Amino acid sequence: MKKAVHFGAGNIGRGFIGLLLNLSGYEVTFIDVDDRIVTGLNKAKGYRVIEVGEGGREYTVSGVKAVNGKDIPNAVQKISKADIVTTAVGPGALRAIAPVIAEGLVRRFKAEDPGYLNIIACENTVKASSLLKDYVYEELDKRNREKADMYAGFPDAVVDRIIPPQETEETLDVKVETFKEWIADRNLFKGEIPEIKGMELTDNLTAFVERKIFTLNTGHAGTAYMAYCKGHRYIHEAIEDKEIYDTVKGALLESGISLIELYNFSAQDHKEYIERILRRFKNPELMDSVVRVGRDPLRKLGPEDRLVKPAERALKYGVFPENLCRCIAAGLFFDAEGDEGARKMQAIIKEKGIEKGLEDITGLEPSEPLGQRIISIYRGLTL
Ligand SMILES: NC(=O)c1ccc[n+]([C@@H]2O[C@H](COP(=O)([O-])OP(=O)(O)OC[C@H]3O[C@@H](n4cnc5c(N)ncnc54)[C@H](O)[C@@H]3O)[C@@H](O)[C@H]2O)c1
Ligand SMILES: O=P(O)(O)OC[C@@H](O)[C@@H](O)[C@H](O)[C@H](O)CO
């Protein structure tokens, strides 16, 4: 049986990547640092994936194993024997998993014919696998880097499926929406491309990644941040609030201007793509929380991420992104309990004030038009 190792047995790990690998005939081993999840998976050896919404089905994922990420020798051994490695740990944890992947590769490379290994990072970041590759290469000496150049592929990918926080910790079942999309860069695989049901291939990944992150994730973040300011708890409730809906839709149209120009999407197709996404946000069965969707605002308000980058691009294409500015200003208030990125962001604003704080968080100059407008909206907003 082909062996898959997946880092991060959280929502997307269990509810999407693990499911597709299982359906494609792989024996799946999850590596996670959460003791509850690792123990639970090893005990139950499986879980259910429950699709909610029209046409939703239920799947049983079985025969899975789990290794604790702190058990390095075991994790290294699994990687050294894997046919494919995937991740969904969050972009901030990619550096933490690089050493163990590097050690697994070094162990493989001791064999005369180590075979190819493709490592796909399924995170909401443009070029996440390439980023992971950089981190892994930092851990390798010259000889093993050369071996990795020959035998290890790091295909970039985009994953799209909304998976909310799970309501109970009693099972490891996962509630998901019916929509799913996983597209990988066909040109970055080494050796034969693994056949994974539901994973599509493209020669034009940047277009698909940017379309997804700068539309779905832009809209999600905007909805969550405005919802936080207005006291909504769930995304489906927030998107029914006319002020939020209009602002978010406006933000997506602003973001779409550069996507259409840069990647030749037809304006009509892009409009329909936006409408489909807004309909997905409305799914009441998901009960997706504002706290999850807005998590880590320090990352989401960064210069290359889902709100600031499209705002800068819109300005470059001649449109002032008033709605994106509103979403960014709202984001600067996000302070959900227990959110480390939010805590750090609020500390920056408190210590440096909003002008210098904005610059540090978003990279935007407070004296430039975007910075000026965001600060003015921020000052006018009340919580
Ligand atoms: N949930 C979604 O709707 C969704 C959809 C598409 C993409 N994503 C992306 O997938 C990634 C994971 O998101 P999620 O919603 O599944 O989060 P999650 O918190 O549910 O899962 C992340 C898992 O990674 C584990 N983890 C963290 N650090 C680790 C480490 N060093 N080693 C091993 N495991 C580690 C955590 O314990 C957790 O179980 C993120 O990059 C996210 O942007 C999420
Ligand atoms: O995972 P994040 O924190 O980058 O973003 C939160 C949500 O927008 C995200 O998880 C979406 O649900 C997902 O990207 C849908 O495909």
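None of these values were measured; they are calculated from a predicted model. Whatever order the structure lists them in is the order used to number ligands and atoms, beginning at 1.
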Ion pair check, D360 and K352, cut-off under 4.0 Å: yes
Among all protein non-hydrogen atoms, which one is nearest to atom 14 (O) of ligand 2, and what is the separation to 0.1 Å? K212 NZ, 2.6 Å
Residue set satisfying ring-ring contact (aromatic ring centres under 6.0 Å, His included) with F7, at least two apart, ordered chain then number -> none
Answer yes or no: is there an ion pair linking K300 with D296, defined by an N-O contact shorter than 4.0 Å? no
Can you name the atoms of ligand 2, numbered from 1 with element, that are less than 4.0 Å from a heavy atom of N217? 7 (C), 8 (O), 9 (C), 11 (C), 13 (C), 14 (O)
Quick one: do Y26 and I31 end up in the same hydrophobic cluster if we chain Ile, Leu, Val, Met, Phe, Trp and Tyr together by side-chain heavy atoms under 4.5 Å apart? no
What are the two closest non-hydrogen atoms of C122 and I17, and how far apart are they? SG-CD1, 3.7 Å
Ligand 2-proximal atoms of L216, by part, heavy-atom distance under 4.0 Å: side chain
Exercise answer: donor-acceptor pairs, residues 209-217 side-chain atoms, under 3.5 Å, sequence neighbours excluded:
unit_1, atom_1, unit_2, atom_2, d
E210, OE1, Y263, OH, 2.9
E210, OE1, R313, NH1, 2.7
E210, OE1, R313, NH2, 3.0
E210, OE2, R313, NH2, 3.3
K212, NZ, N124, OD1, 2.7
K212, NZ, V159, O, 3.0
K212, NZ, N217, OD1, 3.1
T215, OG1, R211, O, 2.6

With respect to D288, determine whether any N or O atom, backbone or side chain, lies less than 3.5 Å from an N or O atom of ligand 2. no
Are any of the N/O atoms on R295, whether in the backbone or the side chain, positioned under 3.5 angstrom from an N/O atom of ligand 2? yes
With a distance cut-off below 6.0 Å to the six-membered ring centre and an angular limit of 45° from the axis, does K133 pair with Y137 as a cation-pi contact? yes
For D305, check side-chain contact (heavy atoms from CB on, under 4.5 Å) against everything at least two apart and list the hits. R299
Give me the nearest non-hydrogen protein atom to atom 16 (O) of ligand 2 as residue plus atom name, then the distance to 0.1 Å. D160 OD1, 2.6 Å
Pair K2 + D83: basic N to acidic O under 4.0 Å: no
At less than 4.0 angstrom from any non-hydrogen atom of N124, what atoms of ligand 2 do you find? 1 (O), 2 (P), 4 (O), 5 (O), 9 (C), 10 (O), 13 (C), 14 (O)
Just the distances, no angles: every ligand 1 N or O to protein N or O pair closer than 3.5 Å, one line each.
unit_1, atom_1, unit_2, atom_2, d
ligand 1, 1 (N), I163, O, 3.2
ligand 1, 1 (N), R292, NH1, 3.2
ligand 1, 3 (O), R161, O, 3.0
ligand 1, 3 (O), I163, N, 2.9
ligand 1, 15 (O), R295, NH2, 3.2
ligand 1, 16 (O), N11, N, 3.2
ligand 1, 16 (O), I12, N, 2.8
ligand 1, 20 (O), N11, N, 3.0
ligand 1, 20 (O), N11, ND2, 3.4
ligand 1, 37 (O), D32, OD1, 2.6
ligand 1, 39 (O), D32, OD1, 3.4
ligand 1, 39 (O), D32, OD2, 2.7
ligand 1, 41 (O), E123, OE1, 2.5
ligand 1, 43 (O), N124, ND2, 3.0

Under 6.0 Å between ring centres: does that hold for F281 and H220? yes
Between R280 and F179, is NZ or CZ placed under 6.0 angstrom from the six-membered ring centre and within 45° of the ring axis? yes
Nearest option to atom 10 (O) of ligand 2, as decided by whichever heavy atom of H220, R292, K180, R299 sits closest: R292
Element-labelled atoms of ligand 2 that are located less than 4.0 Å from some non-hydrogen atom of R306: 2 (P), 4 (O), 5 (O)
Report, in ascending order of atom number, the atoms of ligand 2 lying under 4.0 Å from any heavy atom of V293. 6 (C)
